[in-house]
Each structure stands twice: as structure tokens, then as C-alpha cells.
Enquirer: 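Below you'll find the structure I mean.
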Amino acid sequence: MKVIEFIKKPAVLIPAAALILFALVTAGILKSCQGGESAKAQPVIVFYDLDEDIEEILKSQIEELSSGLGCSYRFKHIDGDKKLSSREIRNYELLITKNGIAADNLSESTMTISDRCFTSVPNSLSINKKILPIILDHNEVSVYTVPQKKLNLTLPSTWKEYMAFLKAERDSSLIENPSICAGKENSQLFGFISNLALTKLGINGYKELTKELSLSNGRTVTPMLTSVLNEIKEMQDQGLILKNWYEVTESDLLQYYFKERKTGVYYMSLSLHRKVQQLYIKYFETMDFPKADIATKEAVTGSSICALQINNKFKGEELLSILLSSKVQEYLTDKSRLAPVNKKCMAYDSQSDDVRFWVASSPAGLIPDISYASFDDPVKRSRLADAIRSYLK
């Protein structure tokens, strides 16, 4: 038979067998990297507790980069109201989330990220080699420069100078509200309070405060937090901040207060800053929250979008390294309008460049607000926000 004759010819059989073996090996490699028909074999990148706009920017960039890596990644979104365990994430390639106690806890069971990924990262953001920052948000102070210049006031750098600045604006006829915050929004409320806590307590006191809060389940205003909130109550009583600032929404800020032009200082995140119309924000100068009178600035508060490397089966380490390259960082800062992590790349504008500088020049870098530093549960964070508003009334 012809089949037997074929087998009896080694000159034909050996090359054919080699060709079949090559085809099988090639198919296996492609399947392991591209996933083939099996979803289990396809590498998964998880976005945990991220805002939709940031998630879409990162997805778009990773999809573009993945072709050059020869890998096709699948994306999974997990809401922040679900608590993740190390067991649940063990089969993923990367996890991208916000800085805070949740990221810290999960990082205990993830890989140490290669030093090459931190080459372009400031030292202050390279302390924990299991958490790699990618984009930075920041809790800022934005000063309306029109009354500031008319009153010939210098931008303050210390808390004592800042109190004098607010009092001068309060006593003038140019301002109705020396300062304000969209405190009805939990992120803005915690941003302002966290800045003040850092200034009044220092970095060690800040850590003690978050530890104290973590034991409270968010149900009560703890003793250390009380000391910080009493400072704010005094500001309310002295007319240095809108008395019911904790009931102001982001919409109130954007649709009324900025248009009214009667408020001197806004406490807000860089991401909220980006929502203000250029017609109004062009008259503002942004600065970091004032430091304690006799201390150096130890840290700044804000939100860092960061990555944890769970596996390196599908070039996760290489992807992280590329995400921190100048080219990709410039793309991310342009699209998000937040601050880049790469210390040499171009930033979106002076505000995002300033944030990068403030973070790089602070020994402890960027630390999460007190809610994210204390709780990995959004219910507990909301409870604490409600308890704070009740205390301030």
C-alpha cells in the first residue's frame, strides 16, 4: 500500500515529522500568549476600584502596546465594593488600582517588581517595590489670584501664614468666602481633611490616625481625628471657610461658586480642577497645602493609580516597564491630564508638573487620604464621611 511505502522512506518521513512537530510547538506558543479559544490561557489585567475614564485610557494604551509584546490581554473590571483576597487574584497577570490599605494588603502576596521598572520613578515613589505608581492625582489648594493681587498678598507656605492670608481676604470687601470645598463629595471631603491632618500631626501622627480609624470601622470620630476637625470648626466659626462647606457638591462648585467669583481659595483634587472651565480656572494659581510652621513637608496627599504584578507568565514585567517609559507617560498625562510618574517626561501642563515635583521632593512621597489609608471597604469610608459631617454641623 502507498501508506506503507511512505513509511518505509525515511528521507520523506523525518522531514514530515519535523514539520508536524514544529507546527504543534508553534501552535502551543501562540495559544499560551494569545489565549486561543481558551479564556483561561489568555492573560488577564484587572482594574480594581478605578474611575471609568482612567480605566479606558489605560485599556487603550495597553491594547496598543500588547501587539508589540506579542500578547493579547483580557481586561476585567472589579468594583471597589468587593473586597479582594490574594487567592482571588492569583491567576491574573497584573492588578491596577488606587493606593491605600487595599493595595498594601494585596501586595503582600504579589511579586516584587523589577528595579528596571523603577528606573524613571522618583525615590519617594520607589519605597515599596511591590507597588508601581503609574499616574498621580493630588489634593491641592487653588487660589483666586485677582483678590490676592489686589490685596498685595503673598502666597503662603506655612499654616501660620495661611491663616493670616485667609483672614486678610475675609476682612476685605472682595471676598465673601475665604475658602471652600465640595465636602458633600467624599473624595473631596477626605482630601481637605487629610491635608490638614498631615500638616497638624506630621507623617507619624498621620499614620497613627489611620491606624486608630481602622479600629473604629468608620462609625465614630476618633480622638485624633477630633483634634483635626476642631481646627476646621474653628475655621468655620471665624468665617475662614464656608460654614456648611461639607454640604457643597461638585456641581455647586462648578456651576455656581466659580462663576460667582467671590471665593478666595478652593480645596480640591487635580481631577476636579480639570473640570473647571478655562474661563474661570485661568485666574487661579495652584499650590500644595501649607506645611506646619516649623517643619519640612514630609509628604503630599492624593491618589496614585498603581500596578501590582501578580505573575510574569505573559510579559507583565515588560509591560510595566513600557508603561513607565517617557513616551507612554506623556500619552497618559495628556489623556488623563493628571501628573506623570516618569521624572523626565513632559507633563500635561504646569499643574501636573508641579504635582510631580511636590511628590518627588517629599521624603514619603504621595500618601492616600485617611479613608483609603484606613479602610479597604467603601461602606466604612462612607460611614466615616457621614460621621465627620455630623460632627462639623
Side-chain angles (χ1 to χ4, degrees), residues 44-62 73-110 128 130-139 182-194 209-211 213-219 249-250 268-272 274-275 301-310 323 332 336 338-339 341 366-389:
V44 178
I45 295 176
V46 175
F47 296 105
Y48 178 49
D49 193 24
L50 289 192
D51 297 332
E52 184 179 355
D53 55 343
I54 294 296
E55 189 171 316
E56 289 303 316
I57 290 169
L58 288 168
K59 275 185 186 177
S60 175
Q61 186 61 68
I62 292 171
Y73 296 100
R74 186 163 61 90
F75 302 109
K76 182 174 182 178
H77 172 85
I78 300 179
D79 290 333
D81 57 4
K82 175 179 172 54
K83 185 173 180 178
L84 288 181
S85 67
S86 57
R87 181 181 178 84
E88 289 175 283
I89 67 171
R90 63 184 177 179
N91 292 323
Y92 302 138
E93 187 77 357
L94 302 174
L95 183 141
I96 299 178
T97 187
K98 296 177 182 177
N99 59 331
I101 192 169
D104 290 343
N105 290 341
L106 289 170
S107 73
E108 292 178 4
S109 60
T110 61
N128 186 345
K130 288 192 169 188
I131 299 178
L132 180 68
I134 300 172
I135 314 171
L136 309 175
D137 201 348
H138 170 249
N139 299 315
K184 188 68 174 177
E185 314 293 339
N186 289 354
S187 61
Q188 304 303 318
L189 174 107
F190 286 127
F192 170 45
I193 293 172
S194 299
L209 168 60
T210 60
K211 184 177 181 180
L213 286 172
S214 68
L215 300 175
S216 73
N217 288 319
R219 296 183 183 278
T249 66
E250 286 188 5
M268 59 183 175
S269 63
L270 176 59
S271 50
L272 177 54
R274 297 307 188 193
K275 297 179 182 179
T301 73
S303 178
S304 167
I305 308 303
C306 53
L308 283 67
Q309 185 179 349
I310 305 162
L323 284 174
L332 295 177
S336 68
L338 298 179
V341 171
L366 186 84
I367 58 175
D369 70 42
I370 58 172
S371 72
Y372 268 84
S374 304
F375 307 114
D376 58 4
D377 183 351
V379 173
K380 293 178 182 179
R381 293 196 290 266
S382 293
R383 277 185 200 150
L384 180 60
D386 290 340
I388 288 171
R389 293 187 187 101

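Note that the coordinates shown come from a computational prediction; the quantities given were computed from them, not determined experimentally. Position 1 is the first residue of the sequence, and the numbers go up from there.
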Enquirer: For Asp79 and His77, which heavy atoms make the closest approach, and how far apart are they?
Expert: OD1-NE2, 2.6 Å

Enquirer: Please answer whether the main-chain N or O of Ser303 pairs with a side-chain N or O of Asp137 as donor and acceptor at a distance below 3.5 Å.
Expert: no

Enquirer: Could you measure the distance from the NZ atom of Lys59 to the CD1 atom of Ile45? Nearest 0.5 Å is fine.
Expert: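 Rounded to the nearest 0.5 Å, the NZ-CD1 separation comes out at 11.0 Å.
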
Enquirer: Can you name the salt bridge (Lys or Arg N to Asp or Glu O under 4.0 Å) partners of Arg383, sequence neighbours left out?
Expert: none

Enquirer: How close do Gly218 and Ala387 get, heavy atom to heavy atom, and via which atoms?
Expert: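 Scanning both residues completely, I find the closest heavy atoms to be O-CB, 4.4 Å.
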
Enquirer: Within the distance-only criterion (no hydrogens, no angle test), does the side chain of Ser194 pair as donor or acceptor with the backbone N or O of Ile370 below 3.5 angstrom?
Expert: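 Looks like yes, one N/O pair under 3.5 Å.
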
Enquirer: Without swapping roles, check the side chain of Gln188 against the backbone of Ser269 for a donor-acceptor pair under 3.5 Å.
Expert: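 Such a contact is found between Gln188 side chain and Ser269 backbone.
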
Enquirer: Taking atom types as modelled, is there a side-chain donor on Thr249 or Glu185 under 3.5 Å from an acceptor on the other?
Expert: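 No, because no side-chain N or O of Thr249 sits under 3.5 Å from a partner of the opposite role on Glu185.
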
Enquirer: If you measure from CG on Asn99 to OG on Ser107, what distance do you get to the nearest 0.5 Å?
Expert: 11.5 Å

Enquirer: Which heavy atom of Ala373 sits nearest a heavy atom of Pro368, and at what distance?
Expert: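 Closest pair (atom of Ala373, atom of Pro368, distance): CB-CG, 3.9 Å.
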
Enquirer: What residues form a ring pair (Phe, Tyr, Trp, His ring centres under 6.0 Å) with Phe375, not counting sequence neighbours?
Expert: none

Enquirer: From Thr97 OG1 over to Leu84 CG, what is the distance, rounded to the nearest 0.5 angstrom?
Expert: 8.0 Å

Enquirer: Taking atom CD of Gln309 and atom CG of Leu132, what is their separation to the nearest 0.5 Å?
Expert: 9.5 Å

Enquirer: So which of Ile89, Thr110, Ile96 actually passes side-chain contact (heavy atoms from CB on, under 4.5 Å) with Leu308?
Expert: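 Per the side-chain contact (heavy atoms from CB on, under 4.5 Å) rule, the option paired with Leu308 is Thr110, out of Ile89, Thr110, Ile96.
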
Enquirer: Among residues at least two apart in sequence or on other chains, which ones pass ring pair (Phe, Tyr, Trp, His ring centres under 6.0 Å) with Tyr48?
Expert: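 In terms of ring pair (Phe, Tyr, Trp, His ring centres under 6.0 Å), with neighbours along the sequence ignored, Tyr48 is linked to no residue.
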
Enquirer: For side-chain contact (heavy atoms from CB on, under 4.5 Å), just list the numbers for Asp51 and Lys98, CA-CA rounded to whole Å, side-chain angles, deciding distance to a tenth of an Å, and then say yes or no.
Expert: CA-CA 10 Å; Asp51 297 332; Lys98 296 177 182 177; 4.0 Å; yes

Enquirer: Hey, does Val341 have a side-chain heavy atom less than 4.5 Å from the side chain of Leu136?
Expert: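 SC-SC contact between Leu136 and Val341 confirmed.
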
Enquirer: Taking the side chain as every heavy atom from C-beta outward, state whether Phe47 and Ile54 have any atom pair closer than 4.5 Å.
Expert: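 Side chain of Phe47 against side chain of Ile54, heavy atoms only: no contact under 4.5 Å found.
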
Enquirer: Roughly how far apart are Arg274 CZ and Ser336 OG, rounded to 0.5 Å?
Expert: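 The distance works out to 8.5 Å.
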
Enquirer: What residues form a salt bridge (Lys or Arg N to Asp or Glu O under 4.0 Å) with Asp376, not counting sequence neighbours?
Expert: Lys83

Enquirer: Give a yes or no answer on whether the side chain of Asp369 reaches the backbone of Ser371 with a donor-acceptor pair at less than 3.5 Å.
Expert: yes

Enquirer: Quick one: does Ser382's side chain have a donor or acceptor within less than 3.5 Å of a partner on Pro378's backbone?
Expert: yes

Enquirer: Can you find a heavy atom in the side chain of Asp386 that is under 4.5 Å from one in the side chain of Arg389?
Expert: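 Contact flag for Asp386/Arg389 side chains = yes.
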
Enquirer: Quick one: side-chain hydrogen bond (donor to acceptor under 3.5 Å, both in side chains) partners of Lys275, sequence neighbours excluded?
Expert: Glu250

Enquirer: Between Ser214 and Ser374 (side chain of the first, backbone of the second, donor and acceptor by atom type, cut-off under 3.5 Å), is there such a pair?
Expert: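 The answer is no, because no donor-acceptor pair under 3.5 Å joins these two groups.
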
Enquirer: Just one of Val44, Ile62, Val46 clears the side-chain contact (heavy atoms from CB on, under 4.5 Å) bar with Phe75, so which one?
Expert: Ile62

Enquirer: What's the separation between atom CG in Leu338 and atom CG in Leu270, rounded to the nearest 0.5 Å?
Expert: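 One finds 5.5 Å between CG of Leu338 and CG of Leu270.
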
Enquirer: Could you list the residues that satisfy salt bridge (Lys or Arg N to Asp or Glu O under 4.0 Å) with Arg90, not counting sequence neighbours?
Expert: none

